[in-house]
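Shown next, in structure tokens, is the structure this report addresses.
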Amino acid sequence: MISPILAAAITRSSPSFHNPGHMRMWYDSPLRNFDAHLVTAIFVIIILSGIGWFIYFQLKHRELEKKIETGTDEKYFHDLVVKQKVILNKILELEEMHKKGELADEEFKTKLNAYRQHLIKVKVELQQLTD
């Protein structure tokens, strides 16, 4: 039998694990038909997967940078390829600006020739590296 002192100490039940305000918000939400624990688990898995992917690609990118830094020729080649892509993008932007009428014909031709000359230099350097 429970002693009267111990029985008197247990006068109130333990507080519920979930806050009643949170429970009310859950039952008012569109997800109320699903199990709250399952939805929480899915959200946690999605967030952890995103963090995992971010870390994975950061590590992969660092390894690639280390490989490029170790070989000076590889780094120079990589820089030239990046330069080539940038110049090609600049030429495309220039053509779009010209089509929209934001750039005069004379200025367009001058800039286009400058970009083309620079592109030719980069391609020649790339060709020399690959030979």
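Side chains included, hydrogens not; waters and symmetry mates left out as well; all remaining heavy atoms used.
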Do [X] and [Y] sit in one hydrophobic cluster, given that two such residues count as connected whenever their side-chain heavy atoms are within less than 4.5 Å of each other, even indirectly?
X    : Y   : value
V82  : Y76 : no
W26  : V44 : no
I120 : L88 : no

TODO: For F54, look at atom CZ and say whether over 12 heavy atoms of other residues, nucleotides or ligands are found less than 6.0 Å away.
DONE: no
TODO: Please indicate whether F77 has more than 12 foreign heavy atoms, meaning atoms of other residues, nucleotides or ligands, lying under 6.0 Å from its CZ.
DONE: no
What heavy-atom pair brings [X] and [Y] nearest, and what distance separates the two atoms?
X   : Y    : answer
D28 : R32  : O-NH1, 3.8 Å
I87 : V122 : CD1-CG2, 4.0 Å
H98 : L103 : ND1-O, 3.5 Å

[atom1] of [X] to [atom2] of [Y]: how many Å apart, nearest 0.5 Å?
X    : Y    : atom1 : atom2 : answer
E125 : Q84  : CD    : CD    : 11.0 Å
L94  : E102 : CG    : CD    : 11.0 Å
L48  : W53  : CG    : CH2   : 15.0 Å
F34  : S29  : CZ    : OG    : 10.0 Å
K85  : L119 : NZ    : CG    : 13.5 Å
H61  : L59  : NE2   : CG    : 11.5 Å

Task: Parallel, tilted or perpendicular: ring planes of H37 versus H18, cut at 30 and 60 degrees - done: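 Tilted.
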Does the side chain of [Y] come within less than 4.5 Å of [X]'s, by heavy atoms?
X    : Y    : result
L64  : K60  : no
Q128 : V124 : yes
F108 : E95  : yes

Task: K111/E107 ion pair, N-O < 4.0 Å - done: yes
- [ ] Name all residues meeting the side chain to side chain contact (heavy atoms under 4.5 Å, CB included) criterion together with H22; count only those two or more places apart in sequence or in a different chain, and write none if there are none.
- [x]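 Partners of H22 under the side chain to side chain contact (heavy atoms under 4.5 Å, CB included) test: N19.
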TODO: Can you spot which of V39, I45, I46 makes a side chain to side chain contact (heavy atoms under 4.5 Å, CB included) with I42?
DONE: I46
